[in-house]
Engineer: 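Below is one structure. I have some questions about it.
Below, chain A is the first sequence line, B the second, and so on; all start at residue 1. Just so you know, these numbers use all the heavy atoms, side chains as well, and skip hydrogens, waters and symmetry mates. The shown structure was predicted, so the numbers you read here are calculated from the model rather than taken from an experiment.
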Protein chains: 2
Amino acid sequence: MAQRNTWQRERVREALADARGFVSAQTLHASLRDDNTGIGLATVYRALAGLAAAGDADSLQSPEGEALYRACTTQGHHHHLICRSCGLTVEIEAKDVEQWAHRTAALHGFTDAAHVVDIFGLCTPCANKREAERAATA
Amino acid sequence: MAQRNTWQRERVREALADARGFVSAQTLHASLRDDNTGIGLATVYRALAGLAAAGDADSLQSPEGEALYRACTTQGHHHHLICRSCGLTVEIEAKDVEQWAHRTAALHGFTDAAHVVDIFGLCTPCANKREAERAATA
DNA sequence: CCAGAGTTGATAATGGTTCTCATTAGCGTT
DNA sequence: AACGCTAATGAGAACCATTATCAACTCTGG
(Lines give C-alpha, C1' and ligand atoms only; values in the text may rest on other atoms or scores of the structure.)
Protein backbone atom coordinates (compact mmCIF):
# COMPACT_ATOMS: atom_id res chain seq x y z
CA MET A 1 0.00 0.00 0.00
CA ALA A 2 2.57 2.48 -1.07
CA GLN A 3 0.40 5.02 -2.83
CA ARG A 4 -3.26 5.81 -2.54
CA ASN A 5 -5.60 7.43 -5.00
CA THR A 6 -7.26 10.50 -3.65
CA TRP A 7 -9.49 13.00 -5.39
CA GLN A 8 -7.11 15.75 -4.37
CA ARG A 9 -4.22 14.32 -6.30
CA GLU A 10 -6.50 13.83 -9.29
CA ARG A 11 -7.69 17.42 -9.18
CA VAL A 12 -4.15 18.70 -9.11
CA ARG A 13 -3.29 16.54 -12.08
CA GLU A 14 -6.32 17.85 -13.98
CA ALA A 15 -5.65 21.45 -13.12
CA LEU A 16 -2.08 21.10 -14.26
CA ALA A 17 -3.17 19.52 -17.52
CA ASP A 18 -5.68 22.31 -18.14
CA ALA A 19 -3.10 25.03 -17.74
CA ARG A 20 -1.66 26.19 -21.04
CA GLY A 21 1.83 26.68 -19.78
CA PHE A 22 3.81 26.76 -16.59
CA VAL A 23 1.95 27.58 -13.42
CA SER A 24 3.09 28.12 -9.88
CA ALA A 25 1.89 26.00 -6.99
CA GLN A 26 0.30 29.10 -5.52
CA THR A 27 -1.68 29.85 -8.68
CA LEU A 28 -2.78 26.26 -8.96
CA HIS A 29 -3.92 26.23 -5.38
CA ALA A 30 -5.81 29.46 -5.85
CA SER A 31 -7.72 28.21 -8.88
CA LEU A 32 -8.54 24.93 -7.15
CA ARG A 33 -9.86 26.93 -4.23
CA ASP A 34 -12.10 28.88 -6.57
CA ASP A 35 -13.58 25.61 -7.75
CA ASN A 36 -15.01 25.26 -4.25
CA THR A 37 -12.62 22.47 -3.34
CA GLY A 38 -11.29 22.86 0.15
CA ILE A 39 -7.95 21.55 -0.96
CA GLY A 40 -4.98 22.57 1.16
CA LEU A 41 -1.91 24.37 -0.02
CA ALA A 42 0.40 21.76 1.43
CA THR A 43 -1.43 19.07 -0.48
CA VAL A 44 -0.97 20.91 -3.75
CA TYR A 45 2.74 21.16 -3.08
CA ARG A 46 2.93 17.48 -2.21
CA ALA A 47 0.99 16.45 -5.29
CA LEU A 48 3.17 18.58 -7.55
CA ALA A 49 6.34 17.23 -6.02
CA GLY A 50 4.99 13.74 -6.54
CA LEU A 51 4.10 14.37 -10.16
CA ALA A 52 7.48 15.89 -10.80
CA ALA A 53 9.23 12.95 -9.16
CA ALA A 54 7.19 10.51 -11.23
CA GLY A 55 8.13 12.35 -14.41
CA ASP A 56 4.54 13.37 -15.14
CA ALA A 57 5.42 17.00 -14.71
CA ASP A 58 8.53 19.07 -14.84
CA SER A 59 9.49 22.14 -12.99
CA LEU A 60 11.67 25.15 -13.44
CA GLN A 61 12.52 28.24 -11.46
CA SER A 62 10.99 31.45 -12.69
CA PRO A 63 13.25 34.50 -12.68
CA GLU A 64 11.22 35.72 -9.72
CA GLY A 65 12.25 32.67 -7.74
CA GLU A 66 8.96 30.86 -7.86
CA ALA A 67 8.85 27.20 -8.79
CA LEU A 68 6.76 26.60 -11.88
CA TYR A 69 5.25 23.29 -12.91
CA ARG A 70 3.85 21.94 -16.11
CA ALA A 71 2.29 18.67 -17.14
CA CYS A 72 4.62 16.66 -19.33
CA THR A 73 3.10 15.42 -22.54
CA THR A 74 6.40 14.27 -23.91
CA GLN A 75 7.86 11.56 -21.76
CA GLY A 76 11.57 11.66 -21.12
CA HIS A 77 14.06 14.48 -21.29
CA HIS A 78 13.12 17.55 -23.27
CA HIS A 79 13.29 21.32 -23.22
CA HIS A 80 10.93 24.24 -23.48
CA LEU A 81 10.20 27.24 -25.58
CA ILE A 82 8.26 29.65 -23.44
CA CYS A 83 6.42 32.86 -24.29
CA ARG A 84 7.48 35.38 -21.70
CA SER A 85 4.24 37.27 -22.11
CA CYS A 86 1.43 34.72 -22.08
CA GLY A 87 3.25 31.66 -20.75
CA LEU A 88 2.49 29.49 -23.75
CA THR A 89 4.90 26.60 -23.74
CA VAL A 90 6.14 24.41 -26.56
CA GLU A 91 8.09 21.28 -25.83
CA ILE A 92 11.12 20.90 -28.01
CA GLU A 93 13.70 18.28 -28.63
CA ALA A 94 17.33 19.09 -28.73
CA LYS A 95 19.43 16.09 -29.47
CA ASP A 96 22.22 18.26 -30.78
CA VAL A 97 22.25 20.30 -27.64
CA GLU A 98 22.24 17.20 -25.46
CA GLN A 99 25.36 15.98 -27.17
CA TRP A 100 26.99 19.37 -27.05
CA ALA A 101 26.29 19.61 -23.33
CA HIS A 102 27.86 16.26 -22.63
CA ARG A 103 30.83 16.97 -24.83
CA THR A 104 31.45 20.34 -23.26
CA ALA A 105 31.15 18.97 -19.74
CA ALA A 106 33.58 16.16 -20.47
CA LEU A 107 35.98 18.57 -22.11
CA HIS A 108 36.35 20.42 -18.83
CA GLY A 109 36.57 17.28 -16.71
CA PHE A 110 33.00 17.47 -15.50
CA THR A 111 31.01 14.33 -14.93
CA ASP A 112 27.41 13.57 -14.10
CA ALA A 113 26.27 16.45 -16.26
CA ALA A 114 22.76 17.78 -16.20
CA HIS A 115 21.74 20.86 -18.06
CA VAL A 116 19.19 23.59 -18.19
CA VAL A 117 18.21 24.67 -21.65
CA ASP A 118 15.17 26.84 -22.10
CA ILE A 119 14.30 29.52 -24.59
CA PHE A 120 12.19 32.51 -23.67
CA GLY A 121 10.66 34.65 -26.36
CA LEU A 122 7.47 36.18 -27.64
CA CYS A 123 4.98 33.99 -29.46
CA THR A 124 3.40 35.41 -32.62
CA PRO A 125 0.13 36.59 -31.03
CA CYS A 126 1.94 38.34 -28.23
CA ALA A 127 4.43 39.93 -30.60
CA ASN A 128 1.56 41.29 -32.67
CA LYS A 129 -0.26 42.55 -29.64
CA ARG A 130 2.84 44.32 -28.40
CA GLU A 131 3.34 45.85 -31.82
CA ALA A 132 -0.22 47.12 -31.80
CA GLU A 133 0.26 48.67 -28.38
CA ARG A 134 3.40 50.42 -29.49
CA ALA A 135 1.58 51.86 -32.50
CA ALA A 136 -1.25 53.08 -30.27
CA THR A 137 1.16 54.79 -27.89
CA ALA A 138 3.04 56.59 -30.62
CA MET B 1 23.51 62.95 -8.77
CA ALA B 2 21.98 59.66 -9.73
CA GLN B 3 24.54 57.25 -8.36
CA ARG B 4 27.08 57.57 -5.60
CA ASN B 5 30.26 55.67 -4.97
CA THR B 6 30.42 54.05 -1.59
CA TRP B 7 33.02 51.73 -0.14
CA GLN B 8 30.28 49.18 0.45
CA ARG B 9 29.47 48.90 -3.22
CA GLU B 10 33.15 48.59 -3.97
CA ARG B 11 33.61 45.82 -1.44
CA VAL B 12 30.74 43.87 -2.88
CA ARG B 13 32.21 44.24 -6.33
CA GLU B 14 35.58 43.02 -5.07
CA ALA B 15 34.13 40.10 -3.16
CA LEU B 16 32.18 39.05 -6.19
CA ALA B 17 35.27 39.23 -8.36
CA ASP B 18 37.27 37.17 -5.85
CA ALA B 19 34.71 34.40 -5.77
CA ARG B 20 35.57 31.47 -7.99
CA GLY B 21 32.07 30.85 -9.17
CA PHE B 22 28.52 31.73 -8.43
CA VAL B 23 27.78 32.86 -4.92
CA SER B 24 24.60 33.67 -3.13
CA ALA B 25 23.96 37.06 -1.60
CA GLN B 26 23.89 35.36 1.79
CA THR B 27 27.31 33.82 1.33
CA LEU B 28 28.74 37.06 0.06
CA HIS B 29 27.34 38.93 3.02
CA ALA B 30 28.75 36.36 5.43
CA SER B 31 32.27 36.60 4.03
CA LEU B 32 32.14 40.38 4.03
CA ARG B 33 31.08 40.25 7.64
CA ASP B 34 34.08 38.09 8.46
CA ASP B 35 36.29 40.78 6.98
CA ASN B 36 35.21 42.95 9.89
CA THR B 37 33.09 45.16 7.69
CA GLY B 38 29.81 46.01 9.28
CA ILE B 39 28.12 45.86 5.94
CA GLY B 40 24.42 45.19 6.00
CA LEU B 41 22.62 42.38 4.28
CA ALA B 42 20.23 44.71 2.55
CA THR B 43 23.13 46.66 1.13
CA VAL B 44 24.65 43.53 -0.34
CA TYR B 45 21.37 42.74 -2.04
CA ARG B 46 21.08 46.25 -3.38
CA ALA B 47 24.65 46.26 -4.65
CA LEU B 48 24.20 42.92 -6.37
CA ALA B 49 20.97 43.99 -7.99
CA GLY B 50 22.71 47.12 -9.21
CA LEU B 51 25.65 45.20 -10.64
CA ALA B 52 23.33 42.79 -12.36
CA ALA B 53 21.29 45.62 -13.82
CA ALA B 54 24.44 47.31 -15.08
CA GLY B 55 25.58 44.12 -16.76
CA ASP B 56 28.66 43.78 -14.56
CA ALA B 57 27.30 40.59 -13.05
CA ASP B 58 24.85 37.98 -14.05
CA SER B 59 22.49 36.00 -11.94
CA LEU B 60 20.72 32.69 -12.05
CA GLN B 61 18.39 30.76 -9.82
CA SER B 62 19.87 27.73 -8.15
CA PRO B 63 17.71 24.62 -8.11
CA GLU B 64 17.14 25.34 -4.42
CA GLY B 65 15.60 28.67 -5.29
CA GLU B 66 18.46 30.85 -4.16
CA ALA B 67 19.62 33.67 -6.40
CA LEU B 68 23.26 33.28 -7.37
CA TYR B 69 25.48 36.01 -8.71
CA ARG B 70 28.77 36.07 -10.52
CA ALA B 71 31.02 38.78 -11.82
CA CYS B 72 31.13 38.81 -15.60
CA THR B 73 34.65 38.56 -16.91
CA THR B 74 33.54 37.83 -20.41
CA GLN B 75 31.57 40.74 -21.64
CA GLY B 76 28.60 39.89 -23.76
CA HIS B 77 26.57 36.75 -23.98
CA HIS B 78 27.96 33.50 -22.65
CA HIS B 79 27.03 30.42 -20.69
CA HIS B 80 28.24 28.53 -17.67
CA LEU B 81 29.45 25.15 -16.61
CA ILE B 82 28.92 24.86 -12.89
CA CYS B 83 30.07 22.29 -10.36
CA ARG B 84 27.06 21.49 -8.25
CA SER B 85 29.25 20.54 -5.35
CA CYS B 86 31.88 23.27 -4.99
CA GLY B 87 30.40 25.97 -7.19
CA LEU B 88 33.38 26.20 -9.52
CA THR B 89 32.27 27.92 -12.67
CA VAL B 90 33.69 27.85 -16.16
CA GLU B 91 32.49 30.29 -18.74
CA ILE B 92 31.82 28.65 -22.04
CA GLU B 93 30.98 29.76 -25.50
CA ALA B 94 28.27 28.15 -27.45
CA LYS B 95 27.90 29.62 -30.87
CA ASP B 96 26.22 26.47 -32.11
CA VAL B 97 23.70 26.61 -29.36
CA GLU B 98 23.02 30.28 -29.98
CA GLN B 99 22.16 29.52 -33.56
CA TRP B 100 20.09 26.52 -32.63
CA ALA B 101 18.15 28.59 -30.13
CA HIS B 102 17.35 31.26 -32.66
CA ARG B 103 16.46 28.75 -35.32
CA THR B 104 14.17 26.83 -33.01
CA ALA B 105 12.46 29.96 -31.76
CA ALA B 106 11.85 31.22 -35.27
CA LEU B 107 10.58 27.81 -36.33
CA HIS B 108 7.75 28.11 -33.82
CA GLY B 109 6.97 31.72 -34.60
CA PHE B 110 8.74 33.09 -31.57
CA THR B 111 10.59 36.37 -31.75
CA ASP B 112 12.86 38.28 -29.44
CA ALA B 113 14.37 35.04 -28.21
CA ALA B 114 16.55 34.85 -25.16
CA HIS B 115 17.73 31.60 -23.74
CA VAL B 116 19.02 29.97 -20.63
CA VAL B 117 21.71 27.39 -21.18
CA ASP B 118 23.68 26.16 -18.23
CA ILE B 119 25.29 22.86 -17.45
CA PHE B 120 25.55 21.50 -13.94
CA GLY B 121 27.92 18.67 -13.15
CA LEU B 122 30.70 17.52 -10.90
CA CYS B 123 34.19 18.82 -11.46
CA THR B 124 37.04 16.32 -11.30
CA PRO B 125 38.14 17.07 -7.70
CA CYS B 126 34.59 16.81 -6.40
CA ALA B 127 33.94 13.62 -8.33
CA ASN B 128 37.04 12.08 -6.79
CA LYS B 129 36.11 13.26 -3.34
CA ARG B 130 32.68 11.78 -3.66
CA GLU B 131 34.15 8.52 -4.87
CA ALA B 132 36.44 8.40 -1.86
CA GLU B 133 33.53 8.99 0.49
CA ARG B 134 31.55 6.23 -1.10
CA ALA B 135 34.48 3.85 -0.66
CA ALA B 136 34.82 4.83 2.99
CA THR B 137 31.13 4.25 3.68
CA ALA B 138 31.11 0.81 2.10
C1' DC C 1 -16.61 -3.70 9.24
C1' DC C 2 -11.75 -3.12 11.27
C1' DA C 3 -7.38 -1.81 11.72
C1' DG C 4 -3.40 0.37 10.17
C1' DA C 5 -0.83 3.23 7.38
C1' DG C 6 -0.71 6.74 3.83
C1' DT C 7 -3.11 11.52 3.27
C1' DT C 8 -4.89 15.63 4.35
C1' DG C 9 -5.08 20.40 5.87
C1' DA C 10 -4.59 24.24 9.30
C1' DT C 11 -0.92 26.26 11.13
C1' DA C 12 3.75 27.07 12.61
C1' DA C 13 8.32 27.30 11.19
C1' DT C 14 11.95 28.27 7.92
C1' DG C 15 14.73 30.86 4.96
C1' DG C 16 15.69 33.99 1.25
C1' DT C 17 14.57 38.57 -0.34
C1' DT C 18 12.50 43.11 0.05
C1' DC C 19 10.77 47.08 2.62
C1' DT C 20 10.88 50.75 6.23
C1' DC C 21 12.77 54.53 8.13
C1' DA C 22 15.87 57.03 11.00
C1' DT C 23 20.67 57.97 10.47
C1' DT C 24 24.83 58.53 7.76
C1' DA C 25 27.65 60.21 4.24
C1' DG C 26 28.63 61.44 -1.01
C1' DC C 27 29.12 65.36 -3.77
C1' DG C 28 28.15 69.73 -6.05
C1' DT C 29 27.96 74.26 -4.39
C1' DT C 30 29.32 78.21 -1.86
C1' DA D 1 36.33 73.86 4.39
C1' DA D 2 31.60 74.09 5.59
C1' DC D 3 26.62 73.46 3.89
C1' DG D 4 22.69 71.26 2.27
C1' DC D 5 20.38 68.14 -0.50
C1' DT D 6 19.48 63.60 -1.24
C1' DA D 7 21.01 58.91 -2.23
C1' DA D 8 22.75 55.15 0.48
C1' DT D 9 23.09 52.51 4.54
C1' DG D 10 21.77 49.13 8.07
C1' DA D 11 18.97 46.84 11.80
C1' DG D 12 15.05 44.77 11.98
C1' DA D 13 10.37 44.00 10.42
C1' DA D 14 7.66 42.50 6.78
C1' DC D 15 6.82 39.36 2.96
C1' DC D 16 6.30 35.34 0.48
C1' DA D 17 7.10 30.77 -1.19
C1' DT D 18 8.02 26.46 0.56
C1' DT D 19 8.43 22.80 4.10
C1' DA D 20 7.60 20.59 8.51
C1' DT D 21 4.32 19.34 12.18
C1' DC D 22 0.66 16.71 13.85
C1' DA D 23 -3.97 15.42 14.94
C1' DA D 24 -7.89 14.03 12.32
C1' DC D 25 -9.26 11.48 8.36
C1' DT D 26 -9.94 7.98 4.79
C1' DC D 27 -8.45 4.58 1.47
C1' DT D 28 -7.61 -0.38 1.08
C1' DG D 29 -6.70 -5.15 2.13
C1' DG D 30 -8.38 -8.71 5.05
Engineer: Return the nearest nucleotide to the side chain of B/Ala42; candidates are C/dG9, C/dT7, D/dA11.
Structural biologist: D/dA11
Engineer: Examine distances only and state if a side-chain atom of A/His29 and a backbone atom of A/Ile39 form a donor-acceptor pair shorter than 3.5 Å.
Structural biologist: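 A pair under 3.5 Å: yes.
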Engineer: Considering only heavy atoms from C-beta outward, does the side chain of A/Phe110 approach that of B/Leu81 to under 4.5 Å?
Structural biologist: yes
Engineer: May I ask you to verify if any side-chain N or O of B/Arg46 is less than 4.0 angstrom from the OP1 or OP2 atom of C/dT18?
Structural biologist: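 Indeed not, no polar side-chain atom of B/Arg46 lies that close.
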Engineer: Starting from P on C/dT17, measure out to CG on B/Leu60 and report it in whole angstrom.
Structural biologist: 12 Å
Engineer: Output the rounded distance in Å from CG (A/Leu28) to P (D/dT18).
Structural biologist: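 One finds 11 Å between P of D/dT18 and CG of A/Leu28, rounded.
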Engineer: Toward the 5' end of DNA chain C, which comes first, B/Gln8 or B/Gln61, by nearest nucleotide?
Structural biologist: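 It is B/Gln61, whose closest nucleotide lies nearer the 5' terminus.
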Engineer: Report yes if a side-chain nitrogen or oxygen of B/Tyr45 is closer than 4.0 Å to either non-bridging phosphate oxygen (OP1 or OP2) of C/dT17; otherwise report no.
Structural biologist: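 Yes, such a contact exists.
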Engineer: Indicate, with a heavy-atom threshold strictly under 4.0 Å, whether B/Glu66 touches base, sugar-phosphate, or nothing.
Structural biologist: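 Answer is sugar-phosphate: B/Glu66 comes under 4.0 Å of backbone atoms only.
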Engineer: Between C/dA10, C/dG9, D/dT18, spot the one nearest the side chain of A/Ala25, thanks.
Structural biologist: D/dT18
Engineer: Taking A/Ala67's backbone N and O only, do any of them form a donor-acceptor pair with A/Ser59's side chain (distance below 3.5 Å, no angle check)?
Structural biologist: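 Here the side-chain-to-backbone pair does not exist.
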Engineer: For the pair made of CH2 in B/Trp7 and P in C/dT24, what is the distance, rounded to whole Å?
Structural biologist: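 Nearest whole value for this atom pair: 15 Å.
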Engineer: Would you mind classifying the nucleic acid contact of B/Arg11 as base, sugar-phosphate or nothing, using non-hydrogen atoms under 4.0 angstrom?
Structural biologist: nothing
Engineer: What I want to check is whether an N or O donor and acceptor connect the side chain of B/Arg4 with the base of D/dA7 at under 3.5 Å.
Structural biologist: yes
Engineer: Roughly, in whole Å, what's the span from CZ in B/Arg33 to P in D/dG10?
Structural biologist: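 One finds 9 Å between P of D/dG10 and CZ of B/Arg33, rounded.
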Engineer: Nearest whole angstrom, please: distance from the P of C/dA12 to the CG of A/Leu41.
Structural biologist: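 The distance from CG of A/Leu41 to P of C/dA12 comes to 14 Å, rounded to the nearest Å.
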Engineer: Just how far, in rounded Å, is P of C/dG15 from CD of B/Glu64?
Structural biologist: 14 Å
Engineer: Do A/His79 and B/Thr104 come within less than 4.5 Å of each other through their side chains, counting heavy atoms only?
Structural biologist: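 Side-chain contact under 4.5 Å: no.
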Engineer: Any donor-acceptor pair under 3.5 Å linking the side chain of B/Ser24 with the backbone of B/Glu66?
Structural biologist: no
Engineer: With nearest nucleotide decided by heavy atoms, which residue, B/Gly65 or A/Thr6, maps closer to the 5′ end of DNA chain C?
Structural biologist: A/Thr6
Engineer: Starting from C1' on D/dA17, measure out to NE2 on A/His29 and report it in whole angstrom.
Structural biologist: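 About 13 Å, once rounded to whole Å.
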Engineer: Select base, sugar-phosphate, or nothing to describe what A/Ile39 touches, counting heavy atoms under 4.0 Å on all strands.
Structural biologist: sugar-phosphate
Engineer: May I have the distance from B/Glu10 (atom CD) to D/dT9 (atom P), rounded to whole angstrom?
Structural biologist: 12 Å
Engineer: Using the side-chain heavy atoms of A/Asn5, tell me which of these nucleotides is nearest: C/dG9, D/dA11, D/dT28.
Structural biologist: D/dT28
